[in-house]
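Numbers restart at 1 for each chain; the letters A, B, ... are given by sequence-line order, proteins then strands. Since this is a predicted model, take the numbers as computed values, not measurements.
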Protein chains: 2
Amino acid sequence: MSRSKTTDKNPIPSVWARERRRADQPALSREAIVREAIAMLDADGIEALSMRKLGARLNAGATSLYRHVATKDELMELAVDEVAAEIHVPPADSPDWRAAVTEAAGSFRATALRHPWLTLVLGQAGLAYLGPNYMTFSERLAALFTAAGFPEPSRAIDAVFSYVIGMSTTEAAWLTTVARAGETESEFVARLLPTARQVSAGYDHLAAAEATTAAQAADPARLRDDKFAYGLDVVLDGLALRLPK
Amino acid sequence: MSRSKTTDKNPIPSVWARERRRADQPALSREAIVREAIAMLDADGIEALSMRKLGARLNAGATSLYRHVATKDELMELAVDEVAAEIHVPPADSPDWRAAVTEAAGSFRATALRHPWLTLVLGQAGLAYLGPNYMTFSERLAALFTAAGFPEPSRAIDAVFSYVIGMSTTEAAWLTTVARAGETESEFVARLLPTARQVSAGYDHLAAAEATTAAQAADPARLRDDKFAYGLDVVLDGLALRLPK
DNA sequence: TCTGGTCTGCGTACAGTGTGCGCATCGAAG
DNA sequence: CTTCGATGCGCACACTGTACGCAGACCAGA
């Protein structure tokens with residue numbers, strides 16, 4: 001009974017009191033919905049996206065979205081495939097396969113960090129997406145590794161990108177935590193450091209490892225870049241051993 | 001008004017009609033709550049766990065749980081740390097560091113596949129957990145890699161376990177999808193195969209890769225084991241190059 | 001010009017969710 | 001016996017995804 005929070009609902013419907021349909025707004029479309037959803041996900045994180053809020057941002061009711069998108073999960077799949085287009089994979093005839101793979105891996109990581117919800121959705125739904133952009137991403141990778149001469153390109157791809165996904169997931173989670181605290185990464189690290197030191201006090205090796213890390217904590221982003229590059233080089237070295245000479 | 005779905009709510013409260021408190025049930029406790037939560041997560045997946053259902057399984061109301069656990073997120077952290085105890089890391093004085101690391105990696109993967117929600121929560125909250133079991137897991141890893149002679153053990157650990165986490169995340173997501181379909185892995189693969197073939201028809205390299213995979217699709221679990229082992233060997237080979245001789 | 005039919009948006013409603021609050025009950029301590 | 005802190009619980013609130021059916025917009029054909 002007290003639930004009518006909306007504007008005054010005319011008791012007698014009248015044509016004259018009826019508002020004209022907005023003609024200026026370009027109308028709802030799947031593309032616009034996905035685009036706006038990505039914007040909200042980037043800005044406020046994955047749990048801030050609700051169909052009602054998304055509808056409000058498009059001057060629409062929540063349930064109107066369902067004319068263009070079957071379900072929220074489907075919307076997330078569309079969003080994932082949309083950002084998959086941002087990942088750049090060099091062409092198969094690149095002269096230096098290591099440089100090319102490094103480029104592709106870095107591009108994946110950059111995309112995952114620009115859209116920190118990406119890895120979450122991937123972890124939830126797996127890579128059974130089959131969206132067009134994800135398909136061409138995979139196809140290009142396969143072309144690249146085949147041209148590089150790997151006898152089992154899919155195994156090599158899985159090795160490299162499992163590493164890339166694992167590292168990106170961890171980094172994305174970290175960045176999300178930092179962002180939620182509303183601080184820069186350095187500030188957050190500085191504030192976290194005493195606690196971390198205290199907690200790791202009882203553990204010899206952790207304390208040692210943490211001391212060396214803390215020394216370089218002035219530029220955490222740089223540290224992450226280096227860490228990623230180091231691990232990637234490790235994987236690529238291991239793969240190089242499997243290239244037929 | 002029509003909301004009283006519960007048992008008959010006596011209009012006149014009477015001492016005689018009041019039920020005695022159950023003395024046989026061992027009462028709520030943080031340990032019991034976490035244990036039951038893990039059981040529900042394992043059985044029905046992450047989105048099937050709600051505080052109300054969890055309470056019901058413990059013969060308790062939903063809000064009773066909040067006497068022992070501050071929030072649902074905190075409960076998930078406790079669950080994660082609980083299963084972290086299942087990961088086995090060989091002692092630092094193991095004679096063969098590769099075998100020891102392979103054992104630790106395999107144990108992590110097995111745990112992640114036994115509890116497919118683990119990687120999801122890790123991806124959401126990052127490794128800033130600092131729970132006791134997770135700490136000793138990290139400590140033992142650090143000890144192992146230090147004893148193996150790595151000059152920068154934490155970088156080596158990050159390289160290996162980014163790979164392990166990435167692969168486990170993907171596998172866990174896949175297994176969750178399979179489980180939700182209510183089929184065995186082989187059945188699911190068989191049913192998926194025509195679609196996959198059709199979708200990858202327009203992509204040369206994907207089609208090629210898929211053909212070789214499909215040939216071995218009789219035993220998908222074995223295939224996953226091999227894939228994991230292959231990538232792990234790649235990473236360990238790369239790391240071995242960095243060991244001082 | 002009128003008539004249908006299809007497409008799109010929306011208001012309402014339902015069955016859930018996490019959790020804050022205050023009361024009822026308990027075992028133990030004084 | 002009284003008092004007190006710990007524990008469980010019913011209720012309520014704000015919120016979620018989405019099924020359903022109605023209303024207006026547009027367009028094809030008569």
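Listed nucleotides: dT19(C), dT17(C), dC10(C). Nearest to the side chain of K53(B): dT17(C). Comparing dC9(D), dT18(D), dT19(C) by their nearest atom to the side chain of K72(A) picks out dT18(D).
Taking 3.5 Å as the limit, the base of dG10(D) and the side chain of T63(B) contain a donor-acceptor pair of atoms between them. Between the side chain of R52(B) and the base of dG16(C), no donor-acceptor pair under 3.5 Å is found.
Looking at D225(B) and R109(B), a side-chain N of the basic residue comes within less than 4.0 Å of a carboxylate O on the acidic one, giving a salt bridge. The pair K227(B)-E171(B) does not count as a salt bridge, with every side-chain nitrogen at least 4.0 angstrom from each carboxylate oxygen.
Between L49(B) and W117(B) there is no side-chain heavy-atom pair separated by less than 4.5 Å.
Across the protein-nucleic acid pair, L65(B) atom CG and dA6(D) atom P stand 19 Å apart, rounded to whole Å. Going from atom CG of L49(B) over to atom C1' of dT19(C) covers 15 Å, rounded to whole Å. Put simply, CZ on R67(A) is 11 Å from P on dC10(C), counting in whole angstrom units. For the pair M51(A) CE and dG11(C) P, the interatomic distance rounds to 16 Å; values are reported in whole Å. The separation between N59(B) atom CG and dC9(D) atom C1' is 14 Å, rounded to whole Å. D73(A) has its CG atom 12 Å from the C1' atom of dT18(D), to the nearest Å. The CD-C1' distance, from E74(A) to dG17(D), rounds to 14 Å in whole Å. Note: CZ (R30(A)) to P (dC7(C)) measures 15 Å, nearest angstrom.
Looking at heavy-atom distances under 4.0 Å, L75(B) makes no contact with the nucleic acid at all. L54(B) comes within contact range of no nucleotide atom at all, as no heavy-atom separation falls under 4.0 Å.
Distance check, rounded to the nearest 0.5 Å: CE of M167(B) to CG of L232(B) gives 9.5 Å.
Between the side chains of T111(A) and R114(A), at least one donor-acceptor pair of N or O atoms lies under 3.5 Å.
Note on S64(B): a side-chain N or O is less than 4.0 Å away from OP1 or OP2 of dC9(D). Residue H68(B) places at least one side-chain N or O closer than 4.0 Å to OP1 or OP2 of dG8(D). Between dT18(D) and T71(A), a contact under 4.0 Å exists linking OP1 or OP2 to a side-chain N or O.
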